[in-house]
Structures are given as structure tokens and as C-alpha cells.
Amino acid sequence: MPGNRYDDGMSDSYQQLLDATIQHVEGLKARGVRHVSVAPETLRALAQPAPRIAAPPPEVRSRRREEAPAFQPPAATPPAQKISPSLLTSAATQISPPSAAAPLSSEAKIVAFAALRERALACVKCPNLAASRQNVVFGVGSIDAQLMFVGEAPGADEDEQGEPFVGKAGQLLTKIIQATGLSRADVYIANILKCRPDTPGQSAGNRKPTPEEMQTCIPYLHEQIDLIQPKVIVALGATAVEGLLGKTVGITKLRGHWQTYRGTPLMPTYHPAYLLRNQSLSEKRRVWEDMLAAMEKLGLPISEKQRNFFLKAS
Ligand code: URA
């Protein structure tokens, strides 16, 4: 499948089989089929140990770092699991997300995530955005991440590259992530809106996503969260907080205070673009305090030096 990020992460035959399965199921779905029957022997075969993965693909890779041993658990091979017909349907056609009570095997998770991504890449629910976009910006990072960042929507750079947070604000986010001892590959980064908000008649500039656009797109994010099951979500900026929590209290009041989103602790903080506009040490420190709180919640090691970042007297 051209452009599939999993190409180098699986054996060729498994990749071909996966591509063919997704293509077939998408075809069925396009023809209005909503359920597929699966023979018991197929289910038994699916419950067998997964094929060996030659090299971890970019979206699945979780770099383990010596300085953050508690963050990513060792890559123990999960026991093979039975995949119920409903989970198979979910993995293949993504009609419904898996529930937290039914954790997927790592292979089923890869398949489900790939199918979700394929579906999002083909989305035309907002015809104006589908017509104006260069790329659907699905998300990037480890699908086993314990820490997930959620922004509002792609900007011009993200639209061009098909990856969230790669522009100036994104580069600052990368630095913030690195300051925790992690890398972009250790976490998962996504937006509420997967397409860049269009600005008809304007050659440049951004606009805030509308509530309708966020409502239309957020089911993809829900499925991402349900599959990844992060331990902590960091919401970046007022629009992300509004889209996720429906709160219009104001980011200044909300930041630094734990919230809960779909059962997951969520820390609202300032958007990195705000920090680019306001370079004061005190605002940087506020974001850093929110990150320290997230690190504490995750059980990440915090050095004295990290604790004192952006404190004038240190
Ligand atoms: N701002 C966002 O909210 N998301 C991006 O991906 C880039 C900038």
C-alpha cells in the first residue's frame, strides 16, 4: 500500500495479507455491508501468535531510554488472545471501537490502528476540508504510548507533511517532550481535527476549527485513545480543551488542574504556539509544571535539574 507507514515493520507477506484484508473489508463497507461472518477456524487462526515483526515501524516503535526506565514497560510478548467476531469486525472495519475491558493483542491493535488510519485518510465527512487539504494528519508516535498529546488542528506545515506538530509550535513541543527525557517516538501526538481548517479566499493564515468540525472528527480521536489507552493525556491549548471537555472556562484557569477524559487523567496546558508568542519565563515554567505533574503521574524519574527548569534562581 503506497505511503503505508507500517511497510518496514512487518514481513512482506503479512503486510500484503493485511493490505488485502483491509482493501476487501473497505470494499464491503463501501457497498453497505456492516457485519461479516467469520468461520470458527478463522478465529482460531487469528488467535495464533502473531507473525514476527522484523523491525518496529515508526508508529509502533517506542524507544526505550536508559534515563526513563519506568516509562515504557519491557516489551514482553503478550499471550495470544482469542479475537471475538465483534473485535475482528472492529479491527477490520472499525465500525465500533474496542472497549477498555477488552484489550487487544498487539497484532490486533496494529491491524485495528492501521484500519482506523486508512478510514481517516479516506474521510470526506467535511467536504470543504477534504477538498482543500493536502493531507489528512492522522497522528504520529507509539501506539503503545503512555503519554498522549492532543492539539487542535493541523496548520499549513502539518497539512503539507501529513504529520502533526511539525511547524514552529511543533518544534517547541518536540523540545518540551525531550525535556522530559522522552522523544516524539515514545509518545503519541494527535489533533482533534485531522484536516487543516480551510480559509477560503485567503492565501495564508489559520482559523479555529468550528464546533461542528470538531464534533464530526472527534470520533477518530476517541478510537485512537481507546486503542492506545494512554495513562495521561496532555491537552494543548484552549481549543483542544474546549473540544475535548466542552469547557469554555479558559485555559488560564484550567491549566495545571487534572481533569478526566474517557476515564484517562488529562492535564490541560498552554499551546506551544502561545509560548512562542509569550516568551516569559513564568509562562514557560507553568507549562513545565504541567509536564512535571504528568511525569509524576506516569512515574517517570525527575532529576533535580528537571525540577528546576525555568526557575530564575536555579
Ligand atoms: N497546532 C495544533 O494544534 N496542531 C498541530 O498539529 C500544529 C499546530
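Just follow the structure's listing: the first ligand is 1, and inside any ligand the first atom is 1.
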Exercise for review: Pick, from Ala153, Ala273, Ala190, Gly170, the option with the minimum heavy-atom distance to atom 5 (C) of ligand 1.
Suggested key: Ala153

Point to revise | Residue-ligand contact Glu163/ligand 1, heavy atom below 4.0 Å | key: no

**Study point:** Protein contact to atom 1 (N) of ligand 1 [nearest heavy atom, distance to 0.1 Å]
**Key:** His271 NE2, 3.1 Å

Review point. So, is Asn191 polar-close to ligand 1, with some N/O to N/O distance under 3.5 Å?
Key: yes

**Study point:** Those atoms of ligand 1 less than 4.0 Å from some heavy atom in Gly151
**Key:** 3 (O)

Practice item. Please indicate whether Lys284 has more than 12 foreign heavy atoms, meaning atoms of other residues, nucleotides or ligands, lying under 6.0 Å from its NZ. Key: yes

Review point. Are a donor atom and an acceptor atom from the side chains of Asn135 and Asp159 found within less than 3.5 Å of each other?
Key: no

Exercise for review: Go through ligand 1 atom by atom and flag the ones less than 4.0 Å from a non-hydrogen atom of Pro164.
Suggested key: 6 (O)

Point to revise | Candidate pair Glu223 and Arg117, rule salt bridge (charged side-chain N to carboxylate O under 4.0 Å, His left out), full reasoning | key: CA-CA 10 Å; Glu223 290 190 43; Arg117 185 170 179 275; over 6 Å; no

Check your understanding: Applying a strict 4.0 Å limit to heavy atoms, is Gly167 in contact with ligand 1?
Key -> no

Check your understanding: If we only count N/O pairs under 3.5 Å, is Gly155 in contact with ligand 1?
Key -> no

Exercise for review: Over 60° means perpendicular and under 30° means parallel, so classify the ring planes of Trp288 and Phe310, tilted if in between.
Suggested key: perpendicular

Check your understanding: Going by distance alone, is a donor N or O of one side chain under 3.5 Å from an acceptor N or O of the other, for Gln229 and Lys109?
Key -> no

Practice item. Look at the rings of Tyr188 and Phe113 and say which category their plane angle falls in: under 30° parallel, 30 to 60° tilted, over 60° perpendicular. Key: perpendicular

Review point. Using a heavy-atom cut-off of under 4.0 Å, does the side chain or the backbone of Glu152 touch ligand 1, or both, or neither?
Key: both

Check your understanding: Checking salt bridge (charged side-chain N to carboxylate O under 4.0 Å, His left out) for the pair Glu289/Arg307: CA distance, chi angles, key distance, verdict?
Key -> CA-CA 8 Å; Glu289 276 169 10; Arg307 278 213 188 277; over 6 Å; no

